[in-house]
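Before any comments, here is the structure.
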Amino acid sequence: MAHIRLHNVHISFPLYEVAGRSLKKRLIEGSTGGRIGNSQDSGGTVVQALEGVSAQFEHGDRVALIGHNGAGKTTLLRVLAGIYEPALGTVDVQGQIAPLFDIGLGMNPEATGYDNILLRGLYLGLSKREMRKRAPAIAEFTELGDFLDLPMRTYSLGMRMRLGFAVCTEIDPDILLLDEGLSAGDASFVKKADARLREFWDKAAVIVLASHSETMIRNLCNKAILIEHGRVVCTGTVESVLERYKADSSSVALEP
Amino acid sequence: MKPASPQQGHPYAEHPSRRQTQRGFWAMQQIRQGLHATNLHKALADLGAGLRQVELWSTMGMQEIGDRYRRSIIGPFWLSLSLGVMVLGLGLLYAGIFGQSIDDYLPYVAAGFTVWGLISGLVLEGSRSFIDAERLIRQLPGPLSLHIYRVVWTNFIVFAHNIWVFIVVALIFGVQLSWGTLAVIPGLLLLLLNGVWIGLLLGLISARFRDVPQIIASVTQLAFFMTPIIWKPDMLSGRTFVLGANPFYHLLEIVRGPLLGQAPAPEQWLAVGLITVGGWSLTLVFFSVYRWRLAYWV
């Protein structure tokens with residue numbers, strides 16, 4: 001059974017200012033007799049992005065991460081993905097994770113559409129052979145036709161999104177991590193994409209979605225976690241967490 | 001693991017007097033975490049998992065080379081062409097300056113430049129490997145060694161183009177093939193194996209300290225002149241420690257020697273063996289301790 005369990009996770013980012021990153025500064029400080037305490041302090045502040053976050057994502061959970069900009073949603077998603085390993089706390093992952101934070105990730109504007117289908121597939125962890133097998137179906141779904149033989153820089157934004165969407169929904173991971181959902185391009189395509197998206201979502205055992213869109217959260221999720229300033233404020237049903245979020249931030253409402 | 005906070009309460013509480021200890025606390029925490037035995041396992045697992053993603057890094061490498069020369073007619077063979085021009089020009093000039101016979105000196109320079117191109121590419125691009133892959137590292141979980149293998153692979157492809165310059169020169173000037181020539185295969189493999197640790201170590205340090213790539217660039221430039229590439233070891237009278245202590249010389253010689261038909265001396269293999277073992281040991285320690293911090297640095 002796929003799951004992710006976080007226990008007391010702390011994530012902090014040291015902020016290296018331009019000077020703090022330079023070896024020269026370190027050396028000069030050392031030679032001018034600055035105390036270690038001082039020179040460490042001069043490196044700047046530590047941004048505490050997550051503080052003591054504990055959460056469980058179990059089989060069948062569709063969890064929405066709710067919070068203001070900068071509350072720590074994206075950082076939490078990256079922890080779930082295994083990109084940031086916490087300095088304190090434990091992360092227990094069971095199952096194959098697919099983070100789809102950026103569907104255009106790793107795409108090469110100079111390469112053709114077909115090349116990018118292959119490349120994006122490799123990034124998602126599929127093999128070349130598998131991608132060659134799936135490429136015709138992906139190509140057909142995008143409706144891009146002969147454009148797939150042209151470099152991707154000739155594509156419009158919508159066409160690129162179609163391509164990214166088509167490749168990314170081709171995989172079937174256990175755990176799906178999304179930042180602001182998947183956009184599929186223009187209106188006519190969205191209809192077609194909806195069915196595929198539903199099927200894609202149903203396949204995943206666990207979904208974690210960071211979003212500001214209330215409709216999306218209500219339609220898609222069965223649980224929610226409210227994060228403020230890097231801490232989990234409350235966990236529960238979508239309804240109760242949304243209510244709490246609105247109560248806390250009466251001035252800032254969610255998008256309808 | 002309990003936070004090493006002397007006081008009760010939260011170790012990260014924003015309190016002005018505790019600001020200073022915070023950095024120290026995190027530094028200690030990093031090292032303690034890093035030296036834990038599981039981290040060595042994770043580092044080794046990273047290297048293994050990266051290697052298994054051969055399809056990804058080879059495709060990335062190929063595309064990178066393709067991008068550099070897209071829409072140019074002879075494509076990557078510009079690499080060979082510019083090297084050829086340089087070898088010819090410099091070879092003729094310095095053969096005159098040093099009073100060397102061209103038959104002997106031109107193949108020597110061609111081999112030297114070809115192999116040096118590989119070494120300096122591994123060092124320079126290796127040190128930028130993680131910085132250049134910043135976006136991928138923050139979006140894509142997976143082995144970090146992937147980015148190093150990509151650099152090594154890209155440089156190997158460049159080498160495979162450059163080697164034709166040497167082959168042409170060798171054919172024209174009749175470089176003798178011998179059994180020693182076969183040593184080029186283990187020599188090259190050993191050089192690439194060293195390229196992996198060099199990239200990992202320099203890449204990690206450079207991601208944290210952004211001046212380091214600049215330092216490395218100037219050191220590499222100096223090393224080009226300190227290493228016998230346009231001059232020959234036997235031109236040195238005395239001061240041979242300059243050669244013995246130069247790791248670039250040993251790494252260069254185990255590939256150049258065989259190319260010119262001479263198997264490297266046992267001391268040469270030994271020196272490279274020591275560089276390999278020493279470099280990898282140091283890198284494994286660094287990689288174990290700081291591998292998990294890299295995503296925070298880029």
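Each chain gets a letter, A, B and so on, in the order its sequence line appears, and its residues count up from 1.
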(message) On a heavy-atom basis, which atom in B/Met60 and which in A/Tyr123 lie closest, and how many Å separate them?
(response) CE-OH, 3.5 Å

(message) Please classify the contact of A/Asn8 with chain B as side chain, backbone, both or neither, using a heavy-atom distance under 4.5 Å.
(response) neither

(request) Counting only heavy atoms closer than 4.5 Å, note whether A/Ser127 contacts chain B via side chain, backbone, both or neither. (result) both

(request) Quick one: which of A/Gly89, A/Pro99, A/Ala98 has the most heavy-atom pairs under 4.5 Å with chain B, could you say? (result) A/Pro99

(request) For A/Asp146, look at atom CG and say whether over 12 heavy atoms of other residues, nucleotides or ligands are found less than 6.0 Å away. (result) no

(message) Around atom CZ of A/Phe147, are there more than 12 heavy atoms from other residues, nucleotides or ligands closer than 6.0 Å?
(response) no

(message) Let me confirm one number: the CE-CD distance from A/Met131 to B/Glu55, rounded to the nearest 0.5 Å.
(response) 11.0 Å

(request) Heavy atoms only, distances under 4.5 angstrom: which of A/Thr90, A/Leu77, A/Leu119 has the most pairs with chain B? Name it, please. (result) A/Leu119

(message) Using 0.5 Å steps for rounding, measure from the CG atom of A/Leu124 to the CG atom of B/Leu56.
(response) 10.0 Å

(request) Give a yes-or-no answer on whether the side chains of B/Gln63 and A/Asn108 include a donor-acceptor pair shorter than 3.5 Å. (result) yes

(request) Give, for atom CZ of B/Arg138 and atom CD1 of A/Ile83, the distance between the pair rounded to the nearest 0.5 Å. (result) 10.0 Å

(request) Please indicate whether A/His7 has more than 12 foreign heavy atoms, meaning atoms of other residues, nucleotides or ligands, lying under 6.0 Å from its NE2. (result) no

(request) State whether the number of non-hydrogen atoms from other residues, nucleotides or ligands found under 6.0 Å of B/Trp280 atom CH2 is greater than 12. (result) yes

(message) Looking at every non-hydrogen atom in both residues, tell me the closest pair between B/Gln139 and A/Phe101 and how far apart they are.
(response) OE1-CB, 3.2 Å

(message) Around atom CD1 of B/Ile73, are there more than 12 heavy atoms from other residues, nucleotides or ligands closer than 6.0 Å?
(response) no

(message) Please find the pair of heavy atoms, one from A/Gly82 and one from B/Pro141, that lie closest to each other, and give the distance.
(response) C-CB, 4.5 Å

(request) Inspect the surroundings of CD in B/Gln221 and state if more than 12 heavy atoms from other residues, nucleotides or ligands are less than 6.0 Å away. (result) no

(request) Step through the shown structure and confirm whether more than 12 heavy atoms of other residues, nucleotides or ligands are within 6.0 Å of CZ on A/Arg129. (result) no

(request) Please flag which part of B/Ile137 lies under 4.5 Å from any non-hydrogen atom of chain A: side chain, backbone, both or neither. (result) backbone

(message) Quick check on B/Arg291 against chain A: is it the side chain, the backbone, both or neither that has a heavy atom closer than 4.5 Å?
(response) side chain

